[in-house]
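Hydrogens, waters and symmetry mates play no part in the numbers below; they use all other heavy atoms, side chains included. Because the structure is a prediction, the values reported are computed rather than measured.
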Amino acid sequence: MPDIDVVVLSRLQFAFTISFHIIFPALTIGISGFLVLVEALWLRTGEEAWKRLYQFWVRIFALSFGMGVVSGIVLSYQFGTNWAEFSRIVGPVLGPLMAYEVLTAFFMEAGFLGIMLFGWDKVGPKLHFLATSLVGAGTTVSAFWIIAANSWMQTPQGAHMEGDHFVPDSWLAIIFNPSFPYRLSHMVAGAYLSSALVIAGVSAIYLLAGRHTVLARKSYSIAMWAILVLAPLQIFLGDQHGLDVLEHQPVKVAAMEANWDRQAGAPIIFFAIPDAEKETNHFEISIPGGASLILTHSLHGVVPGLKDVPKEDRPPVGIVFWSFRVMVALGLSFLLLAGWGAVARLRGALDSDKWLMRFSALLTPFGLVAILSGWYVAEVGRQPFTVYGLLRTKDSISPVVDAGAVTTSLTIFLIVYGGLFGAYLYYVIKMIRIGPRPFEPGADGSGSEAPGAIQGARPGLVLPPEEAARESAP
C-alpha cells in the first residue's frame, strides 16, 4: 500500500538523519565539560600542559559542534516536508519549545564560541574561561529543551486537543512531564560518559604508542575518574528511567523484554528471536523471575505483555528488544572498565596497564553506540504513535508527499551524509595523528629551557631527554 510505504520511508529517513545528528551533540556536551575542567586547572596551576590539552580537544569540539549544527538544520526541514501534519497538530506545543532552545542555548553557544576558539590572545584568561563555561552550559541547556520536547511526545501532559491541533494548558506541565527528569539525566550522563570514553580511548592510544605521554596521562586520569563515577550512575539512572517507562509506557517495556503475556515472575531473556506474527520467541535463553526482579524489584512482580494491546498498537518488537540488549551489554562493559581502572589506579598502574589501555582504546566509539541503541529503544518503542497514545504516526505524515520523493531524498541523504561523516572521521583521525602542539624550548622567555620543560610550567616539571623527544615527535 502506497500510504504505508510513505510512512515507513519517512520514518527511515528521519531515523537515519537523527541517528547521524545525535552523535555530535552528545560529543559537544561531554567534551565542553572536559574543556571547562581543563581550563580551570590551567587557571589554578599555571601549568602549560593543561592549556595544550585544552587547545587539542577544542579543535575536535569545534569540528563536532559544526557537524551538529549542519545536521540539525536538516531535521527542521523534514518537519515541514515529510511531517507537515505532525507540525500542524503539535506546533502550538513543540514550536515554542524549539524557539526557547534557539533563543537560549544556541545563542549562548554561538555568541561565545568565537571567543572560546579564537580569543586566547584577544581577551583575558578569566573572560576566556567564562566563554568556555557559557558554551558548555549552552550545550546542556540545548539538551534540556530538546529532551523536554521529545519527552512530551513520550508522556504528554499539560495540553489538550482542540479541533485538529493541541492547545497548551500549562507550560510547566508540558516541560516537566513525567518522563522528562529521567530522560534528561539519562541523556546528559550518557553524553558525558560517551565523551569520557572517547577521551580515555584517544589518551590510551597515545600512551600505548609512547607519544604525548605527559598530556595523555593527565587526560586519561581525568577520563577514567569520570567513567568510574558515570558508568554506575548511568546504570542507576537507567533503572529509574525503566521504572518510569513501566508506569507510563508499559507496552514499550513489554517490547524491551519480548514479553508476550502479562505475568508475574516474568523471566529475563538474554537471547531470543521474537516472532511478532506468531506472538512468541524462538531459541529463548532466559532466567525465571529476572525481568520482574529488575522492573518491579520483586521476583513475583507483574510485567505487562504485548498481548495487552491489539497488534496495531504494538511497536516493532525485534528492534526494541535487541537495541535494549546492546545498550545494556555496553553499559556493563563500561562498568567493567570503570572497576578495572579503579583497581589499576589503586595499584599505581593506571597508565602502565597495557591491557587496560587496550580495552579503553577498544571502547572508544561504543559510548556513542550505546546512546544510539537507547535512542532506538525510546523512539521505536513509542510506535505506532508520534505523541504516545494521542497521535498516530500514520496521521502525522505530509499528505502530498509520495513514496518516490521520499526514496529520492533518502538516497541523497545517504550519499551526502556518508561523505560528510567520512570527511569528519578523516579530519578527526588526522588531528589525533598530529596530536597536541609540541613543547617549545625557551618558550618561557629564558632562551635556555631545559630539554622537556613544559612551556610556562611551574619549576621542576622537566621530562627526561628521551621522553621529550617523543613528545616533540609529530
Side-chain angles (χ1 to χ4, degrees), residues 1-23 25 71-91 93-94 98 146-147 149-156 166 179 183 245 249 251-252 254-256 274 276-277 306 309-324 326-327 369 371-418 421:
M1 294 176 62
D3 289 343
I4 296 177
D5 290 340
V6 172
V7 172
V8 171
L9 286 168
S10 295
R11 285 178 58 198
L12 284 173
Q13 179 172 298
F14 198 84
F16 173 74
T17 51
I18 191 67
S19 298
F20 182 89
H21 170 72
I22 198 174
I23 293 171
S71 57
I73 292 173
V74 174
L75 296 173
S76 302
Y77 283 114
Q78 284 185 73
F79 286 121
T81 55
N82 296 43
W83 303 98
E85 281 298 290
F86 172 80
S87 300
R88 181 182 63 80
I89 296 170
V90 307
V93 175
L94 297 190
M98 296 296 97
I146 297 300
I147 296 298
N150 187 266
S151 296
W152 182 84
M153 295 163 61
Q154 301 279 350
T155 52
F166 285 96
S179 65
R183 301 185 78 243
V245 174
Q249 296 176 296
V251 178
K252 181 189 289 188
M256 289 160 57
E277 194 65 33
L306 287 159
V309 298
K311 283 188 176 183
E312 60 268 21
D313 291 341
R314 301 173 191 169
V317 181
I319 297 174
V320 179
F321 175 81
W322 280 111
S323 296
F324 181 68
V326 169
M327 180 182 66
V369 174
I371 286 179
L372 287 173
S373 299
W375 197 255
Y376 297 152
V377 171
E379 300 306 296
V380 178
R382 188 186 62 221
Q383 296 301 317
F385 300 98
T386 47
V387 180
Y388 189 74
L390 298 176
L391 178 62
R392 289 184 175 271
T393 305
K394 66 186 178 79
D395 297 324
S396 304
I397 203 75
S398 300
V400 296
V401 174
D402 58 48
V406 181
T407 301
T408 300
S409 58
L410 176 58
T411 303
I412 293 172
F413 278 132
L414 289 169
I415 296 171
V416 174
Y417 274 35
F421 192 63

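Judged as a side chain to side chain donor-acceptor pair (under 3.5 Å), and not counting sequence neighbours, Thr407 has no contacts. Scanning for side chain to side chain donor-acceptor pair (under 3.5 Å) contacts around Arg11 gives an empty result, with sequence neighbours left out. Scored by the side chain to side chain donor-acceptor pair (under 3.5 Å) test, Gln383 finds Thr393 as partners (sequence neighbours excluded). Ser179 meets the side chain to side chain donor-acceptor pair (under 3.5 Å) test with Thr155, Asn177; sequence neighbours excluded. Residues satisfying the salt bridge (charged side-chain N to carboxylate O under 4.0 Å, His left out) test with Asp395, not counting sequence neighbours, are none.
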query = Can you check side chain to side chain donor-acceptor pair (under 3.5 Å) on Ser396 and Thr386, steps first, answer last?
reply = CA-CA 7 Å; Ser396 304; Thr386 47; 2.9 Å; yes

task = With ring-ring contact (aromatic ring centres under 6.0 Å, His included) as the test, would you mind laying out the steps for Phe79 and Phe14 before giving the verdict?
result = CA-CA 9 Å; Phe79 286 121; Phe14 198 84; 5.6 Å; yes

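Nearest heavy atoms, Val326 versus Ser373: CG1-OG, 3.3 Å. The shortest non-hydrogen separation linking Met256 to Phe321 is O-CD1, 3.5 Å.
The list of ring pair (Phe, Tyr, Trp, His ring centres under 6.0 Å) pairs with a residue in residues 396-415, not counting sequence neighbours, reads Phe413-Tyr417.
Annotation: side chain of Val251 is in contact with side chain of Tyr388 (closest heavy-atom distance under 4.5 Å). Looking at heavy atoms from C-beta onward, Ser10 lies in side-chain contact with Trp83 at the 4.5 angstrom threshold.
By the 30° and 60° cut-offs, the orientation of the rings of Trp152 relative to Phe166 is perpendicular.
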